Amino acid sequence: MTLDEQFALLKRGTIEIVPEEGLKAKLRKSNETGKPLKVKLGLDPTAPDIHLGNAVVLRKMRQFQDLGHEVIIIIGDFTAAIGDPSGRSITRPQLSEEEIRRNAKTYYDQYCLILDPAKTKVVFNSEWLGKLSFEDAIKIASKLTVARVLERDDFASRLNEGKPIGLHEILYPMCQAYDSVVLESDIEVGGLDQKFNILLGRDLQSQFGQEEQVGLFMPILVGLDGVQKMSKSLGNYVGVTENPKDMFGKLMSIPDELMRDYFELCTDVPLEEINAIEEGLASGRLHPMEVKKRLAREIVTIYHSADAAKEAQAEFERVFSQREIPEEIPDIVLGPEDLVDGRIWIVKLLVKAGMAPSNSEARRLVQQGAVTIGGQKITDPLVNIAPSNGQVIRAGKLRFGRIKIAR
RNA sequence: GGGGAGAUGCCCGAGUGGUUAAAGGGGGCAGACUGUAAAUCUGUUGCCGCAUGGCUACGUUGGUUCGAAUCCAACUCUCCCCA
């Protein structure tokens, strides 16, 4: 592959490369010296679930690996104790050491789905940040200014809105920048929300007399709600380890307008084809639902298999298009203690089955006509029903259970 | 150190003695419709075994009152201005 081709590949999907010439120069140099580039990615082990939004960046890292470069994942165990303020309007909760350790481990299992584990180096930033003395930290801090740090958008807006900013949060970008110094990274990849932190890494590297890293920014993937960025804490995400059925279903719930972004950032469908799809949608030649099914299929195929994707689609059509029951339904085991004269209060049954969190919620579901048992709609929340083995109970579109009577 | 403002349900935000489980919006859930768990419209959204009932809830603790999210005191936390 020529340098130009490499550059084009790496540029695809990025929203910005700072500076573009820098990337070209790094690639050229690596090519001449035969020395792979160090490509850095910081992960914040806040919750043990990698989602499609994280995957956008990870997939970019994979491309670097395929070109022979060295990928270094930094598990921000030390910085997680601070909490990245990026894109935050409130202070993040700090994590305990144990939580971080647990999360980091599950991270490893998950990014292997995208990266080549043999070519991935993993480090924890507590290895060096944890060893700095307070004096060292102050020395590093002296190379940055308050104004420079407060420049960043999320700090500025929080300041304007009169919201609190912890002093420790100001140190977060510095820590991340210092990571780049320690690793002597050539390239740092991140979402656009990482722009400030990554650029600060450039500043700090040059302060330490190093060649500056190149920042490569990927767009932020919008979450399932179609408004906010995909994130674990907002619950609007698709996890890469989710089962095919849920993955497919969740992808079908994105607003139509998001489809293009998802195709571009989450699949390997060639750009020309994506453009053709977009035209097809605009002209009415293609049906949005069919396009979305294709999208869901593409993504499920990446993380599972083509077969799993087909199955997931079949399941989806069965449950939602035809309103039939899914193939696999969890059992609701009823013991003798649950039944009085072979009967059980409908509300209690729903709670017992985990289909409603409280009696009140269960009662509401019944009153709203969401509950059917054995295909029969129940609307009276006071009724006691006589369940029989194998009966299917359904609450709303998503909750199912099959009754199993234990003796 | 001095002065001022504030803390309300999942989130934002109204409410300044009773009719407030607390307006409104967001989000969630459900129903209708459909082209999908899109969009739109409607309903619903603390808990308690059925309630013209009870319990919990408006930063914390205590007080005033027949009655407090609303008044008072102390405390905790946050923001703004001055130094």
Side-chain angles (χ1 to χ4, degrees), chain A residues 88-93 155-167 169 222-231 233-238 242-263 280-281 284-297 299-300 312-326 338-340 343-352 354-372 377-385 393-400:
Chain A
R88 279 284 168 145
S89 53
I90 50 169
T91 304
R92 275 184 194 244
F155 282 148
S157 56
R158 274 161 72 177
L159 220 43
N160 279 337
E161 288 163 27
K163 287 180 176 158
I165 299 172
L167 191 53
E169 291 182 86
V222 176
L224 301 177
D225 56 6
V227 182
Q228 292 189 274
K229 73 168 187 173
M230 184 175 282
S231 98
S233 41
L234 293 172
N236 60 354
Y237 71 102
V238 181
E242 284 189 64
N243 66 55
K245 190 178 122 195
D246 284 342
M247 205 179 248
F248 195 97
K250 281 186 176 184
L251 287 164
M252 288 303 285
S253 81
I254 64 169
D256 292 354
E257 307 78 66
L258 245 55
M259 289 197 283
R260 159 141 205 140
D261 281 355
Y262 274 58
F263 266 112
L281 283 172
R285 191 165 42 80
L286 289 174
H287 193 295
M289 184 177 71
E290 293 307 323
V291 171
K292 206 181 284 180
K293 281 179 182 170
R294 158 94 192 270
L295 171 69
R297 229 163 40 226
I299 294 176
V300 173
Q313 179 167 345
E315 176 84 353
F316 182 86
E317 285 164 359
R318 177 164 50 238
V319 177
F320 297 106
S321 306
Q322 286 150 46
R323 291 270 174 150
E324 288 177 17
I325 54 181
D338 297 314
L339 301 171
V340 178
R343 290 178 167 269
I344 181 167
W345 183 31
I346 179 67
V347 165
K348 194 173 170 188
L349 177 60
L350 288 167
V351 174
K352 167 98 184 161
M355 295 163 92
S358 69
N359 287 5
S360 304
E361 181 66 31
R363 181 175 283 124
R364 248 172 253 134
L365 283 171
V366 174
Q367 281 166 345
Q368 288 177 138
V371 177
T372 61
K377 188 178 271 191
I378 312 275
T379 50
D380 179 2
L382 303 183
V383 78
N384 287 298
I385 57 146
I393 173 164
R394 174 174 198 166
K397 290 176 187 131
L398 297 168
R399 284 161 285 191
F400 293 89

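Chain A is the first sequence line, chain B the second, and so forth, proteins listed ahead of strands; every chain is numbered from 1. Keep in mind that this is a model prediction, so the values were computed, not measured.
- Residues Phe320(A) and Leu398(A) form a side-chain contact, since some pair of their non-hydrogen atoms from C-beta on lies under 4.5 Å apart.
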message: Run the side chain to side chain contact (heavy atoms under 4.5 Å, CB included) test on Asp380(A) and Ile346(A) for me, step by step, so that the C-alpha distance in whole Å, both residues' side-chain angles and the decisive distance to 0.1 Å come before the verdict.
response: CA-CA 9 Å; Asp380(A) 179 2; Ile346(A) 179 67; over 6 Å; no

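- Two residues are said to be in side-chain contact when any heavy atoms from C-beta on lie closer than 4.5 Å; Asp256(A) and Lys292(A) meet this criterion.
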task: Could you walk me through whether Asn384(A) and Ile344(A) pass side chain to side chain contact (heavy atoms under 4.5 Å, CB included), step by step?
output: CA-CA 5 Å; Asn384(A) 287 298; Ile344(A) 181 167; 5.9 Å; no

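- rG6(B) and rU40(B) have their P atoms separated by 37 Å, given to the nearest Å.
- For the P atom pair drawn from rU56(B) and rG62(B), the interatomic distance equals 14 Å after rounding to whole Å.
- Stacking is found between Trp345(A) and the pyrimidine-like six-membered ring of the rG49(B) base under the 5.5 Å centre-distance and 30° plane-angle cut-offs.
- Here the side chain of Asn359(A) is nearest to one of rG49(B), rC29(B), rA37(B), namely rG49(B).
- Comparing the C1' positions of rC72(B) and rG17(B) gives an interatomic distance of 13 Å, to the nearest angstrom.
- Atom CD of Gln322(A) and atom C1' of rU36(B) are 13 Å apart (whole Å).
- When heavy atoms are screened at a 4.0 angstrom cut-off, Asp380(A) is found touching no nucleic acid atom at all.
- Here the separation of rG3(B) from rU8(B), taken at their C1' atoms, is 26 Å to the nearest Å.
- When heavy atoms are screened at a 4.0 angstrom cut-off, Gly396(A) is found touching the sugar-phosphate backbone but no base atom.
- The gap from the P atom of rA23(B) to that of rA30(B) amounts to 23 Å, rounded to the nearest Å.
- In this structure, CD of Glu361(A) is placed 9 Å from P of rG46(B), rounded to the nearest angstrom.
- The residue among Lys348(A) and Asp246(A) whose nearest nucleotide of RNA chain B is located toward the 5' end is Asp246(A).
- Note on Ser360(A): every side-chain N or O is 4.0 Å or more away from OP1 and OP2 of rU45(B).
- Straight-line distance from the CG atom of Leu224(A) to the P atom of rG27(B): 14 Å, rounded to whole Å.
- Minimum atom distance to the side chain of Ala370(A) is reached by rG31(B), of the listed rG31(B), rA37(B), rG49(B).
- Atom pair Lys293(A):NZ and rA37(B):C1' shows a separation of 13 Å (rounding to whole Å applied).
- Using a 4.0 Å heavy-atom criterion, one finds that Leu382(A) contacts the bases of the nucleic acid, with or without backbone contacts as well.
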Under 3.5 Å, N/O pairs linking protein and nucleotides 38-41 of chain B:
| residue | atom | partner | partner atom | Å |
| --- | --- | --- | --- | --- |
| rA38(B) | O4' | Lys292(A) | NZ | 3.2 |
| rA38(B) | O2' | Asp256(A) | N | 3.4 |

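- Closest heavy-atom contact between Ala395(A) and Leu350(A): CB-CD2, 4.3 Å.
- Two residues are said to be in side-chain contact when any heavy atoms from C-beta on lie closer than 4.5 Å; Val371(A) and Met355(A) fail this criterion.
- Taking 4.5 Å as the limit, every side-chain heavy atom of Val366(A) sits out of range of all side-chain heavy atoms of Val383(A).
- Paired with Asp338(A) under the rule salt bridge (charged side-chain N to carboxylate O under 4.0 Å, His left out), one option of Arg343(A), Lys352(A), Lys348(A) passes, and it is Lys352(A).
- On the C1' atoms, rG59(B) is 11 Å away from rU78(B), given to the nearest whole Å.
- Taking only side-chain atoms of Arg364(A), from C-beta outward, the nucleotide of rA30(B), rU45(B), rC48(B) with the closest atom is rU45(B).
- Between the C1' atoms of rG49(B) and rU60(B), the separation comes to 35 Å (whole Å).
- Within the 3.5 Å criterion, the main-chain N or O of Tyr262(A) finds no donor-acceptor partner in the side chain of Arg260(A).
- Between Leu365(A) and Ser358(A), the residue whose closest nucleotide on RNA chain B is further toward the 5' end is Leu365(A).
- Two residues are said to be in side-chain contact when any heavy atoms from C-beta on lie closer than 4.5 Å; Val319(A) and Ile325(A) fail this criterion.
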task: Using the side chain to side chain contact (heavy atoms under 4.5 Å, CB included) rule, take Asn359(A) and Trp345(A) through it: C-alpha gap first, then chi angles, then the decisive distance, then the call.
output: CA-CA 10 Å; Asn359(A) 287 5; Trp345(A) 183 31; 3.9 Å; yes

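- Under the 3.5 Å distance criterion, the side-chain polar atoms of Glu169(A) are matched with a main-chain donor or acceptor of Gly166(A).
- Rounded to whole angstrom, the span from the CD atom of Gln313(A) across to the P atom of rA37(B) amounts to 14 Å.
- Tyr237(A) places no side-chain N or O within donor-acceptor distance of the main-chain N or O of Lys229(A), the cut-off being under 3.5 Å.
- Distance from the side chain of Arg399(A) is smallest for rA30(B) among the nucleotides rU36(B), rA32(B), rA30(B).
- Closest contact between the side chain of Pro288(A) and the listed nucleotides rU44(B), rG49(B), rU36(B) involves rU36(B).
- Checked by distance alone, Gln368(A) brings a side-chain donor or acceptor within 3.5 Å of a matching partner on the base of rG43(B).
- The gap from the C1' atom of rG46(B) to that of rC29(B) amounts to 15 Å, rounded to the nearest Å.
- The CZ-C1' distance, from Arg343(A) to rG49(B), rounds to 16 Å in whole Å.
- With Gln313(A) as reference, Arg297(A) is the one residue of Arg318(A), Arg297(A), Lys293(A) to meet the side chain to side chain donor-acceptor pair (under 3.5 Å) rule.
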So which protein nitrogen or oxygen atoms get under 3.5 Å of nucleotides 78-83 of chain B's nitrogens or oxygens?
| residue | atom | partner | partner atom | Å |
| --- | --- | --- | --- | --- |
| rC79(B) | O4' | Gly162(A) | O | 3.3 |

field: Bracket notation of RNA chain B in which parentheses pair within the strand, [ ] cross earlier pairs, and | pairs with another strand (Watson-Crick or G-U, under 3.5 Å)
entry: ((((((((.[[[..)..(.....]]]((((((.......))))))(((....)))...[[[[[..)....]]]]]))))))).

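- Rounded to whole Å, the distance from NE2 on His287(A) to P on rG35(B) is 6 Å.
- What separates CD of Glu317(A) from C1' of rU36(B) is a distance of 10 Å, to the nearest Å.
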